[in-house]
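Chain letters run A, B, ... following the sequence lines, proteins first, then strands; residues in each count from 1.
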Amino acid sequence: MKRRAMFFRMITASLLRRRSRMLIALLSIAIGATILAGLVTVYVDVPRQMAAQFRSYGANMILMPAGSGVLSEADAEAAQTVIPGEELVGATPYRYVYLNMVRRQQTFAAAGTEFDQVQKTSPYFKVVGRYPSEPRQVLVGKSVADTIGVKENSVMELTWFPPSVDAAESPASGAAEIAPGMVLSGQAAGFGMQEGMNNKPVYVVVTIGDDGTIASLTVDTSGESEGFGTQCSESFFTDRFIGKPARDLELGKDVDAVSGATITSAAVVEAVNSAAPVDDTAAVLTPRTVNYTVVGILETGGEEEDYIYMSLDDMASITGQAGQVDFVELSVSASQDSLERYAQEISDSGRATARLVKRVIRSEATVLGKLQALVFLVTAVVLVLTMVSVSTTMMAVVAERRREIGLRKALGASDNAIRVEFLGEGLFLGALGGLLGAGLGFVFAQVVSVNVFGSDIRFSMLLLPVTVIVSMMVAALSCLLPVRRAVAIDPALVLKGE
Amino acid sequence: MLFRMIKGALLRQWSKMLLIALTIALGASLATSMINVMLDVGDKVNEELKAYGANIVVKPKASSLLSDIYDVEDEGAELQQAWLREDELGKLKTIFWAFNIRDFAPFLTVGATVDGQPVQVVGTWFNQHLSLPTGEELDAGVRNLRSWWDVPDGDWIDQQTEGADHEIMVGTALAEAMGVTKGDSLTLTGRAGSVTATVKGIIDSGDAADEQIWAPLDLAQKLADLDGKVASIEVSAITTPDNDLARRAAQNPSALSRADYDTWYCTAYVSAVCYQITEVITDSVASAVRQVAESEGEILNKTQLLMILITALSLVGAALGISNLVTASVMERSREIGLLKAIGAHDKAITGTVMAEILITALAGMVIGYFAGLGFAQFIGHQVFGSAINIKPVVIPVVAALIAVVTIAGSLPAISTILRLDPAEVLHGSKA
């Protein structure tokens, strides 16, 4: 009991009396511990943080329809659940259709998408202006914009032509029996098909009433000459068809032509006569024309510049087909192995086929591997150099006390007692310095993370005991070495200072 | 007398001085290696990022506008009106930033049929050997630009061997659909002629190339009668991440002030390299591929910042470590300093002697540490990047200044503290 009390008194007294020297030793250990805790935390967390940065290269997985056809939004969403939420950076659906700019006789590829997701999966998109946020706003690729000369706030009129309205060519055309409640669609060559016009027929959609006659008629005359043929889509003309049979109509007898638009009127009659039933009455296939406001020009330097982008809702309202996408771009923050596993799982589920974007994944693996190796080596070199430097300082501090050791030995202290005392002092300093350093190291790691990656760092709690134990070991070892030398020498010589 | 004392101290107390020298050498080597690695890490990572492929694409100026004016519907490459000239490609290596241009390849996509089936044929360079007027020799082509491609069956086309003109590579999806394997002969019929070629390899690319046929440029040109013409050029260049100036310049270089223009033109910004490319390639528009260029900048900036912060921590650690040890060693000699003072030495003389001893030791440590640091830097460079770190001479004065400041800061206050004390107390050992 007494011995132990004395031991503690000696250690505390030595620490207190020799304040400045102990402070130096403590500081040196704390520096070492700070570097250890700080660099190792950064090293452990860097791959995760850097991987997040690499997501700026965009999507690394593509969901495509399983088999042929289109992918339903529900299937796409169900397929994504394979990927853990925190790893999924963004999921952007795309639906492509061709839209026509009738006045300029040009067809453009348009993509329906979700703009808030686009900004996550394709952070490299540069938009001059802004992303669409309201209905009927579009983002136009730079090369499209250059071609047709649209700018921010320009209004562009786009028409969607149903791909399947080929009534004139379809064998069933005109032959089908007319039944009450049926919906028919058809087309015929109007003025728009003449030389120099835009090569676009007149489209009609007819609904048959309960009595077997025409109940309503919708006409698309967007290809006809403005102010003349276009009158045929107005109700004063279409009303003339109501109550008439949908077959064998004759212009001038059953229906009067619009003056100045005889060709178009004749085309409407012909289209009605040849109209074929539409199976799916919900998706009435009729061309639609919508005015869009350009709110931004998209610059990417890639083929994305050839498209017009609009929201999926706008796309659904112009095509009349909702809930379908062509593919979904996923940006997933995960290793190549996990990505391959997710892709396999999704493909196995049968909801969608998942493909990996090799270019992005392969290159990321290469570069990320190098970066990780860099941080590892730097950490290793810095740690080794720092630890050696810490122990030289400790050794210098202890070596200075040779005289004290000699004196104590001369007074009859055993070698072991001296060693134990110095060891205790070293361990105490190591623990204190280690704790201090671990705290400072975490602060450093957090500063790095916030400044470099703009996010909080993940601490590994295991690192705290490791730092403290390593500090104690380094401190104890570097104490023992000079003490052993001092103890081995004759006290008289040590006291004399030789 | 001073020299004798210093010499004496250095010789007699060699083990203590050795400890100081060792610590300073460690600090100096840490500073040297970290600063060198930090300064070079941008270039090294930039080189690695080339794995993502081209960051600049060059197209003919009038391609999109012409089809508009003449009401030509876009029906594939054959109807494209404007072309770039194949013979001008070498000029890419004559621009101001020629050294930064790592690789490039021309592309020409033409339509063809194989047994009546329509296919897309992409003509390009695989590893075209170029001898430039500057005397430089290089191999350019898609072999490096498409680093992520695999050739699971067969091999890449080697344009430097005989008969490469009649070799093609087929994308996996297309090969499967057509039932083609390595070594098969295919007859490609284009608008202007047909060519019989051997399948040299199958491409697994994970992109559109899986459904295309890739052929040497000459072959594609023959199919469509487009001798010496290419539709686009991809360029992989080492560039500096964009800043404000680069963004302003990208919009309109002529709106810059003279000084700004010079700074911009003489910095390897992607917009400056693009601008210089349009200067040498007739009627061309060069634009940055933002997916690559922008992300590259992001990652470079982050890596550099990360290395700067790690270097800063190491430097602070090294500085504190050194000044700590120096303070400790001065305090250890308090008895000696007290004695010198007691026998009548001037404060100045004592300070001078002790400082001279420490500084001489520091100098020796620093020289050793500098070279050791170069070793560490090269070790890191070779282990991580497989190439030497570029040694910058500017590191020498930086490290020297650092060591000088921390050595003096560590020793001077300690010496003056001891000198201020009563020699008797110091000798007795009751203070300090």
Side-chain angles (χ1 to χ4, degrees), chain A residues 20-21 24 27-28 31-32 34-35 38-39 42 46 50 53-54 56-58 105-107 122 124-126 143 146-148 299-302 355-359 362-363 366-367 370-371 373-375 377-378 381-382 385-386 388-390 392-393 395-397 399-400 444 447-448 451-453, chain B residues 16 19 22-23 26-27 29-30 33-34 37 41 45 48-49 51-53 57 64-65 67-68 71 73 147-148 204-207 287-295 298-299 302-303 305-307 309-310 313-314 317-318 320-322 324-325 327-329 331-332 376 379-380 383-385 432:
Chain A
S20 54
R21 284 162 179 83
I24 285 172
L27 185 61
S28 138
I31 294 164
T34 306
I35 289 180
L39 284 192
V42 168
V46 147
M50 262 297 176
Q53 297 305 317
F54 275 85
S56 62
Y57 276 102
Q105 309 172 28
Q106 275 179 329
T107 305
S122 305
Y124 54 89
F125 277 15
K126 181 182 171 196
S143 76
D146 286 348
T147 308
I148 57 179
E299 290 178 20
T300 68
R355 266 180 63 177
L356 298 180
V357 183
K358 230 169 138 181
R359 170 191 191 173
R362 182 71 69 83
S363 312
T366 315
V367 181
K370 299 268 171 173
L371 284 180
L374 172 72
V375 178
L377 270 190
V378 163
V381 167
V382 172
L385 295 185
T386 312
V388 175
S389 154
V390 167
T392 56
T393 307
M395 274 153 84
V397 170
E400 187 199 351
F444 166 78
V447 167
V448 167
N451 278 301
V452 178
F453 302 109
Chain B
K16 280 173 202 159
L19 212 56
L22 179 64
T23 306
L26 287 172
S29 67
L30 195 57
S33 58
M34 288 304 294
V37 170
V41 79
V45 173
E48 297 297 331
L49 286 170
Y52 278 96
V57 53
S64 53
L65 296 174
S67 70
D68 181 36
D71 283 335
E73 277 284 304
S147 61
W148 62 93
D204 178 11
S205 68
D207 55 35
S287 48
V289 179
R290 289 183 56 87
Q291 182 180 11
V292 177
E294 193 73 357
S295 314
E298 280 278 291
I299 286 167
K302 306 267 152 161
T303 314
L305 192 55
L306 178 70
M307 281 302 293
L309 288 175
I310 292 181
L313 178 72
S314 324
L320 283 175
I322 292 171
N324 222 343
L325 180 83
T327 310
S329 79
M331 291 198 156
E332 192 189 338
F376 281 124
F379 172 70
I380 292 175
Q383 287 296 312
V384 180
F385 302 109

Report summary line: The interface call for A/R359 against chain B, heavy-atom contacts under 4.5 Å, is both
Query raised in the report: Which atom names give the shortest non-hydrogen contact between B/S314 and A/V382, and what distance separates them?
Result: OG-CG2, 3.7 Å
**Report entry** A/V357/B/W148 under side-chain contact (heavy atoms from CB on, under 4.5 Å): CA gap, chis, key distance, verdict
**Finding:** CA-CA 10 Å; A/V357 183; B/W148 62 93; over 6 Å; no
Query raised in the report: In terms of heavy-atom proximity below 4.5 Å to chain B, should A/F444 be classed as side chain, backbone, both, or neither?
Result: side chain
Query raised in the report: What's the shortest heavy-atom distance between A/K358 and B/D204, and which atoms?
Result: NZ-O, 2.7 Å
Query raised in the report: What is the distance from atom OG1 of B/T303 to atom CG of A/L371, rounded to the nearest 0.5 Å?
Result: 4.5 Å
Query raised in the report: Measuring heavy-atom distances to chain A, does B/Y52 have an atom under 4.5 Å in its side chain, in its backbone, in both, or in neither?
Result: both
Query - Greatest number of heavy atom pairs closer than 4.5 Å to chain B - which of A/G301, A/G32, A/G58, A/S122 - result: A/G301
Query - Audit row: A/V42, B/L306, side-chain contact (heavy atoms from CB on, under 4.5 Å) steps and yes/no - result: CA-CA 9 Å; A/V42 168; B/L306 178 70; 3.9 Å; yes
Query - Side chain, backbone, both or neither of A/F125 within contact of chain B (heavy atoms, under 4.5 Å) - result: backbone
Query - Segment of B/E294 engaging chain A (4.5 angstrom heavy-atom cut-off) - result: side chain
**Report entry** Backbone of B/L19 reached by a side-chain donor or acceptor of A/T392 within 3.5 Å
**Finding:** no
Report summary line: Comparing B/L49, B/T327, B/I322 against chain A, the one with the most heavy-atom pairs below 4.5 Å turns out to be B/L49
Query raised in the report: For the candidates B/L320, B/I299, B/V41, B/V57, which exhibits the highest count of non-hydrogen atom pairs separated by less than 4.5 Å from chain A?
Result: B/I299
Report summary line: Under 4.5 Å to a heavy atom of chain A? For B/V292 that would be both
Query - CG-CZ distance between B/L305 and A/F453, expressed to the nearest 0.5 angstrom - result: 8.5 Å
Report task. May I have the step-by-step check of side-chain contact (heavy atoms from CB on, under 4.5 Å) for A/V381 and B/M34, ending in yes or no? Result -> CA-CA 9 Å; A/V381 167; B/M34 288 304 294; 5.9 Å; no
Report task. Look up atom NZ in A/K126 and atom CZ in B/R290, then write down how far apart they are to the nearest 0.5 Å. Result -> 5.5 Å
Report task. Find the distance between CG (B/L30) and CD1 (A/I35) and round it off to the nearest 0.5 Å. Result -> 7.0 Å
Report summary line: Answer key: most heavy-atom pairs under 4.5 Å with chain B among A/T34, A/V367, A/T366, A/N451 is A/V367
Report task. Supply the atom-to-atom distance B/L325 CG to A/S389 OG, rounded to the nearest 0.5 angstrom. Result -> 7.5 Å
Query raised in the report: Of the backbone (N, CA, C, O) and the side chain (C-beta and beyond), which part of B/V289 lies under 4.5 Å from a heavy atom of chain A, both, or neither?
Result: both
Report summary line: The interface call for A/V390 against chain B, heavy-atom contacts under 4.5 Å, is neither
Query - Minimum heavy-atom distance A/S363-B/A51, with the two atoms named - result: OG-O, 3.2 Å
Query raised in the report: Checking heavy atoms, do the side chain of B/D207, its backbone, both or neither come under 4.5 Å from chain A?
Result: backbone
**Report entry** Heavy-atom closest contact (B/S295 atom, A/S56 atom, distance)
**Finding:** OG-O, 2.9 Å
Query - Side-chain heavy-atom pair A/L374, B/V37 within 4.5 angstrom cut-off - result: yes
Query raised in the report: Using a cut-off of under 4.5 Å for heavy-atom pairs, which of A/Q53, A/M50, A/R355, A/E299 has the most such pairs with chain B?
Result: A/Q53
Query raised in the report: Measuring heavy-atom distances to chain A, does B/Q291 have an atom under 4.5 Å in its side chain, in its backbone, in both, or in neither?
Result: both
Report task. Could you tell me whether the side chain of B/V384 reaches within less than 4.5 Å of the side chain of A/V378, counting heavy atoms only? Result -> no
Query raised in the report: When rounded to the nearest 0.5 angstrom, what distance separates CD in B/E298 from OH in A/Y57?
Result: 10.0 Å
